[in-house]
Each structure stands twice: as C-alpha cells, then as structure tokens.
Protein chains: 2
Amino acid sequence: MKNVVTAKDVAKLAGVSQSSVSRVYFEGANVSEKTRKKVLAAAEELGYRPNEFARSLITNRTKIIGLVMKGVQNPFYPQVLQQFTASFKKWGYSVLFVHTNNDEIQKEDIETLLNYNVAGVVITDATMALSAAEAFRSNEIPLVLFNRKLKTGEFYTVCCNNLSASRQIAEYLIGKGGGDMVYIAGNENTSTSREREAGFRETLERNQVAYRKYASDFTYEGGYATTLKVLEGKKVPSAFFAANDIMALGALDALRQHSIRVPEDTKIIGFDNIDMASWPAYELTTWEQPIEKMVEETVNYLLSEIDEYSGLIKTVEVDGSLIERKTT
Amino acid sequence: MKNVVTAKDVAKLAGVSQSSVSRVYFEGANVSEKTRKKVLAAAEELGYRPNEFARSLITNRTKIIGLVMKGVQNPFYPQVLQQFTASFKKWGYSVLFVHTNNDEIQKEDIETLLNYNVAGVVITDATMALSAAEAFRSNEIPLVLFNRKLKTGEFYTVCCNNLSASRQIAEYLIGKGGGDMVYIAGNENTSTSREREAGFRETLERNQVAYRKYASDFTYEGGYATTLKVLEGKKVPSAFFAANDIMALGALDALRQHSIRVPEDTKIIGFDNIDMASWPAYELTTWEQPIEKMVEETVNYLLSEIDEYSGLIKTVEVDGSLIERKTT
DNA sequence: CTGAAAGCGCTTACAG
DNA sequence: CTGAAAGCGCTTACAG
C-alpha cells in the first residue's frame with residue numbers, strides 16, 4: 001500500500017515519458033520548461049515523491065551522513081549533534097545517528113553505516129579500529145574524526161587547537177599567581193585529554209610551577225570524586241584545570257562541599273564552554289570550543305569529498321578562546 | 001567503485017544461484033545447511049554485504065526509524081535519544097535523526113521521513129500539523145508522540161501520567177505546610193505543561209491553597225528570569241513547582257541570588273529527574289519520568305505496527321515517582 | 001529536448 | 001531445497 005505513486009503514473013498523467021519525469025527530479029538534467037510544468041502539475045496532483053531507494057540503487061549515492069557519538073551525557077555533544085544536523089540539512093543530507101556505548105565503535109555499527117552506503121561519516125567522541133577505517137576508505141566513503149585525533153596521518157581530523165589552548169590556560173593561571181596546579185584528566189585514551197595535559201604541563205614546568213595530574217573520566221561524577229581525592233592531601237592546590245567543563249563543575253561542587261572558596265582559596269578552569277558554565281551557580285572560567293567553525297570545516301570537507309573523492313588527509317585545528325568568569 | 005561485491009559474485013564463487021545467496025540473507029527463507037555454508041564462506045571471502053537499498057526497493061520496507069526532536073538543550077532529550085537508539089538497535093533498526101527548530105515539524109522534515117520510507121516515526125518535543133500526520137497514516141507508517149499529547153484520539157501517545165503526578169506533587173507540598181504556591185509553566189502549547197498545571201492547580205484549589213501561575217518556556221534561562229519576576233512581588237511564595245527540572249534549576253539559582261534559603265524560606269520541586277537534579281549544587285526534589293519504560297512502550301508499539309499495521313490509537317500513561325532531595 | 005530500453009542489486013512467486 | 005525469470009522504481013547512455 002505504501003508510496004504507490006511512481007514516476008510511471010506521473011508520466012501517464014502528464015503525457016510524457018518516464019524518463020522525462022525522472023529528469024525533472026534530477027538536477028542538472030535537460031528538460032524544457034513546458035515538460036517540467038506538466039510533470040510538476042501531475043506530480044502535485046498525485047502526490048508523487050521520487051523513491052530514494054531506487055535512486056540510490058542506481059546512482060550508488062545517498063544523502064545520508066552517519067554520525068557516531070558516545071557521550072550524549074556531556075551537553076557538549078548534543079550541541080554538536082544539533083549543529084551537524086542543521087548544517088547537513090541545508091545541503092539536503094540527513095543524519096543517521098549511531099550511538100556507541102563502548103569507546104571503540106563496534107563492528108555492527110560500522111556495518112550499519114556501510115549497509116546504508118552513507119555518503120560520509122563523522123565520528124565524534126569514539127575511536128575506531130584501523131581495519132574499520134579501511135572499510136570506509138575502500139568504499140571511498142569520506143570520514144572525519146571530530147574532536148579526537150587517532151593515529152596522525154591516517155584520518156582527516158577536525159578539532160580545537162588543544163595544545164595552544166592549554167598553554168594559554170597555563171599562562172593565564174600562572175598570571176593569577178600561586179605555585180602548584182592540578183590537572184584533572186579525561187579518559188586517558190583520548191587525544192583531547194592528552195594534548196590538553198601536554199600543553200598545560202609543559203608550560204608549568206617551563207615556569208617552574210609544581211604540577212600534579214589526577215586521572216578522571218570526563219564526567220561530572222568523575223570530576224567530583226577526583227577533586228575529593230585531591231583534597232585528601234593536606235594542601236589545596238592553587239589552581240585546577242579540568243579537561244572539560246562537566247568535570248570542572250563536579251570539581252567546583254566538591255570544593256564547595258569542603259568549604260574551599262573559589263576563586264579566593266583556589267581557582268578552577270574548564271574546557272568547552274557548555275551552557276552550564278555560564279549558569280549563576282557556577283560562573284565557570286573556561287575555554288570556548290568554536291563548535292560552529294569546527295562543524296563548518298567538517299561539513300565542507302565531507303561535501304567536497306562526496307563531490308569528488310580524493311582521500312585527502314589532514315588535521316584541521318580551530319582556535320578557541322578564553323572565557324573569563326568568576327572561578328579564576 | 002563502491003560496494004562492488006554483489007550477490008551475483010557470491011553466487012558464482014559459491015557455485016549456487018543468486019536466489020540461494022539471497023535466501024541465506026533473508027530470514028525465514030528455506031536454505032539447506034550445505035548451501036548456507038558455501039554461501040557464507042564465499043561471502044566472507046569477498047566481503048559481501050547485501051545492499052539495503054535494493055532490498056528496500058523490492059520489499060518496500062526499511063529498517064530506519066525517524067526520530068524527531070527539538071530541545072536537545074534540555075538534557076532530558078539526549079537521554080531519550082540515547083535510549084531509543086539503543087533499544088531500536090537491538091531489533092536491527094537504525095535511527096534517522098531529525099532536528100526541528102520550530103515547535104511544529106516543518107514540511108521538509110516530513111518529506112525527508114517519507115522519502116526514506118521510514119518504518120516508523122517517533123516525535124518527541126515537537127508538534128505536527130494534522131495534514132502531516134495524514135501523510136504518515138496514508139502510507140501506513142506508524143507514529144508515536146512521545147511525551148506530548150496532541151489532539152486526543154488522533155495519535156498513539158506515550159507519556160508520563162502528568163495529571164496524577166502533579167496532584168501528588170501538590171499534596172506533597174501542602175503536607176510540607178505553607179499557604180501560597182507558584183507554578184512555573186513551560187511552553188503553553190504543550191500538553192505536558194498544561195497537564196502538570198491542571199493537576200497542581202486543581203489540588204491546591206480543592207485544599208484552598210493560594211495559586212499563582214507564571215508563564216515560562218522550559219529553559220534554564222526562562223526559569224531563572226521568571227523566578228526573578230516572581231520575586232518582584234513583595235511576598236516570597238511558600239513553594240514553587242516548575243514544569244521541568246531545567247527551569248527548576250534556573251529558579252533555584254535565582255532564589256539564591258536573592259539569598260532566599262531553600263528549603264527554609266521557600267521550597268521547590270521540578271519534573272523529569274535529569275542527571276543534574278542530583279548534583280550537590282542543586283539536590284533538587286523532583287518527579288522522575290520513567291524514560292526506560294516509556295521508550296519500551298513506544299518501541300513495542302512501533303514494532304508490532306511494523307509487523308502488521310493496524311492504525312491503533314491509544315494514550316499510554318506511565319507512572320513516575322517522587323524523588324525527594326533537599327529543596328523541599 | 002525527448003523516448004525506448006537497459007540495468008542497478010535485490011526478493012519472490014513459480015516450476016521442478 | 002533450488003534455479004530461472006520477472007520486477008521493484010528509478011537513472012542514464014543512446015538514438016532521434
């Protein structure tokens with residue numbers, strides 16, 4: 001019963017061939033204005049819509065982008081999802097949403113993406129086996145790692161300039177005075193956490209500021225628990241740098257529970273600039289990730305690769321900026 | 001170059017007909033174990049995957065569910081998205097994510113859903129013109145409104161038992177003492193806000209407790225600003241009921257800014273039980289929406305309608321429960 | 001600019 | 001249980 005109206009029906013009503021109907025719906029094809037009008041009128045009358053599947057079958061192209069995401073709990077990512085969806089929509093692409101619980105994308109998810117012959121893939125906060133990447137490459141499906149670097153030189157990557165950002169963060173905190181600082185790391189297997197650590201640590205060491213690192217996991221609960229652990233030592237550090245905002249908020253709440261005043265007794269800075277960072281309960285100083293710009297870079301690359309596949313590999317780093325609020 | 005391996009190639013290598021290859025991948029079809037093994041071996045060797053588009057073209061069925069969402073800013077919805085994706089994945093369905101900025105789903109989004117011939121549709125916090133619904137109905141595409149009621153009797157709806165919940169909330173607050181209460185409403189055109197208001201108001205009036213309603217919009221900023229407006233009056237109400245958690249958090253921050261103690265000077269209760277409600281900075285008393293159960297109800301209905309379309313219309317209301325924390 | 005025809009990669013009666 | 005063949009709804013050379 002479904003979708004009963006076909007190009008053939010429209011052709012009959014319009015008094016043209018099925019090929020002409022097809023041409024009306026295929027941009028770039030040659031059709032006279034007269035034919036176009038007849039076809040569109042007939043299509044309107046019958047409620048015709050071209051069948052995407054027949055179309056994809058023959059063109060071997062789809063208008064679907066696969067978007068892979070893990071941490072929807074972190075408000076940063078829903079925002080990313082929204083912006084990608086909006087941006088792709090402008091170009092006529094729809095988003096197939098793939099959620100992965102594991103750090104690494106599972107085989108079944110890759111298969112789904114391949115089965116739907118997606119035009120392109122965006123991977124946000126998940127990793128991928130190189131063999132999986134090979135499957136996309138051999139099918140000439142362009143792929144972008146968003147906000148994560150894997151093996152350099154293997155993927156097109158778009159992310160924030162974490163190294164330079166964390167150096168600036170270190171300098172900023174040093175400027176605020178105080179002699180020992182704590183880095184609250186995110187998951188150790190992410191480039192974002194490692195790079196933010198590297199820039200921060202290196203700058204502190206160069207300035208002979210004491211540095212401690214505590215492992216955590218990019219969640220609010222993690223930031224909270226980790227900060228409690230930091231406070232077990234007798235000395236409160238002069239400043240905290242949390243690898244993302246949601247951990248910074250947890251850290252802030254942990255500090256408050258111990259009646260440690262921020263920014264008087266210690267300072268804290270996050271990363272991302274999620275909505276909550278600006279809430280009056282937090283007023284968190286942070287580093288803004290330019291999501292819009294990052295999304296734009298990603299979409300532009302994918303569209304150009306869809307247009308003509310080159311397999312270009314590059315790492316694009318977009319600069320963010322310091323957002324100063326009341327925790328420093 | 002893409003997806004070059006077809007059933008024909010596999011058939012040749014396996015020494016069987018293309019029909020047999022097809023049968024191996026079509027569950028329920030009759031194939032001998034011997035044939036199956038030969039085919040799977042050949043498929044493995046060639047890296048064969050059935051083409052979903054060819055399949056959909058002929059069966060007129062897809063394994064795609066359209067999920068329409070508006071407010072990804074409210075952490076409640078990413079959670080909903082995640083649970084739907086996980087749940088559908090178990091049944092072999094993928095999620096086409098449609099984000100709408102407007103309250104009402106736009107025509108182009110409906111077209112996308114129809115073009116991809118989705119097997120079913122879930123609409124969360126958005127509304128839809130009846131004419132759009134008609135398009136789904138006439139194509140026998142099952143549809144569920146999740147957490148929103150539109151015209152009763154027109155849609156299959158799954159939501160929380162808002163009326164009973166808000167009555168219990170009112171009784172709970174009355175039990176805590178105090179004589180005048182404020183309802184912070186969400187968007188006026190949503191059933192969730194209206195129903196929560198109705199149950200709350202009705203119970204207060206029956207108990208002769210003064211009631212005031214303030215319009216707001218389901219956002220943190222809205223809850224914050226609206227509460228400031230409430231406080232412009234000289235008298236601080238004895239309690240606030242915010243139509244969702246994110247507004248309640250905004251309200252709480254506004255109260256703090258005015259140094260009004262919670263729960264001593266006034267009380268506040270939200271709705272949803274989002275992650276943040278349990279954060280130490282808030283410890284918000286709220287009503288938990290049983291997302292898991294609601295998702296399950298939705299998925300079960302859709303699967304049964306996909307299996308055999310009946311057009312069944314019903315409103316399923318799932319009970320939630322009070323989560324008592326420190327704001328009451 | 002237009003139509004007739006081949007073909008995309010599958011599923012599914014049909015006959016054996 | 002299996003194979004040959006028709007056909008799903010399109011696009012796209014090809015010829016006119």
Side-chain angles (χ1 to χ4, degrees), chain A residues 1-40 42-43 46-64 92 111 114-117 119 139-140, chain B residues 1-40 42-43 46-64 92 111 114-117 119 139-140:
Chain A
M1 283 296 101
K2 297 186 180 186
N3 203 16
V4 278
V5 184
T6 73
K8 209 170 147 194
D9 303 325
V10 177
K12 192 181 288 175
L13 182 61
V16 299
S17 72
Q18 200 238 50
S19 326
S20 290
V21 175
S22 175
R23 287 187 186 105
V24 169
Y25 289 90
F26 186 79
E27 50 185 311
N30 267 337
V31 214
S32 68
E33 206 43 47
K34 200 172 143 194
T35 304
R36 181 187 302 278
K37 277 201 176 124
K38 280 195 291 186
V39 168
L40 289 177
L46 298 173
Y48 170 72
R49 267 169 298 106
N51 181 315
E52 282 296 328
F53 295 96
R55 192 172 253 187
S56 290
L57 179 57
I58 205 156
T59 59
N60 221 343
R61 287 166 158 268
T62 64
K63 289 284 205 174
I64 304 178
E111 302 248 301
L114 292 171
N115 285 346
Y116 283 108
N117 194 15
N139 286 291
E140 302 199 344
Chain B
M1 283 295 102
K2 298 185 177 185
N3 204 16
V4 277
V5 184
T6 73
K8 208 169 148 193
D9 303 325
V10 176
K12 193 181 286 174
L13 181 62
V16 299
S17 72
Q18 200 238 52
S19 325
S20 290
V21 175
S22 174
R23 286 186 185 105
V24 169
Y25 290 89
F26 186 79
E27 52 185 310
N30 269 337
V31 213
S32 69
E33 207 43 49
K34 201 171 142 198
T35 303
R36 180 186 303 276
K37 276 200 178 123
K38 281 195 291 186
V39 168
L40 289 177
L46 298 174
Y48 171 72
R49 268 168 301 105
N51 181 314
E52 282 296 328
F53 295 95
R55 192 174 253 184
S56 289
L57 179 57
I58 205 155
T59 59
N60 220 342
R61 287 165 157 269
T62 64
K63 290 283 204 174
I64 304 177
E111 301 248 301
L114 293 171
N115 285 346
Y116 284 109
N117 195 15
N139 286 290
E140 301 199 344

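Quick note on labels: first sequence line is chain A, next is B, and so on, each numbered from 1. Only this structure's heavy atoms are used, side chains among them; waters, hydrogens and symmetry mates stay out.
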Exercise. With side chains defined as the heavy atoms from C-beta onward, is the minimum distance between Thr6(B) and Asp9(B) less than 4.5 Å?
Worked result: yes
For this session: Determine which bases of DNA chain C form Watson-Crick or G-U wobble pairs with both distances under 3.5 Å, and write the result as a 5' to 3' dot-bracket string with | for other-strand partners.
Result: |||.||||||||.|||
Exercise. Atom CG of Asn60(A) and atom P of dG9(C): how far apart are they, to the nearest Å?
Worked result: 7 Å
Exercise. For dG3(D), does either OP1 or OP2 sit under 4.0 Å from a side-chain N or O belonging to Ser17(B)?
Worked result: yes
Exercise. So, do Val16(A) and Val21(A) sit near enough that their side-chain heavy atoms are less than 4.5 Å apart?
Worked result: yes
Exercise. Taking atom CD of Glu111(B) and atom CZ of Arg49(A), what is their separation to the nearest 0.5 Å?
Worked result: 6.5 Å
Problem set entry | 5'-most by nearest nucleotide on DNA chain D - Leu57(B) or Thr35(B) | Thr35(B)
Seminar exercise, completed: Atom NZ of Lys8(A) and atom P of dA4(C) are separated, to the nearest Å, by 12 Å
Exercise. Hey, is the main chain of Asn117(B) close enough, under 3.5 Å, to the side chain of Thr62(B) for a donor-acceptor pair?
Worked result: yes
Seminar exercise, completed: With sugar-phosphate taken as primed atoms, P, OP1 and OP2 and all else as base, the protein-contact string of nucleotides 11-16 of chain D at under 4.0 Å (heavy atoms; B, S, -) is BBB---
Exercise. Below 4.0 angstrom from OP1 or OP2 of dC1(D), is there any side-chain N or O of Asn30(B)?
Worked result: yes
Exercise. Can you list the residues that meet the side-chain contact (heavy atoms from CB on, under 4.5 Å) rule with Leu40(B), with sequence neighbours excluded?
Worked result: Val24(B), Tyr25(B), Arg36(B)
Seminar exercise, completed: Asn51(A) CG to dG7(D) P, in whole Å, measures 18 Å
Seminar exercise, completed: CG of Asn60(A) to CG of Asn51(B), rounded to nearest 0.5 Å, is 7.5 Å
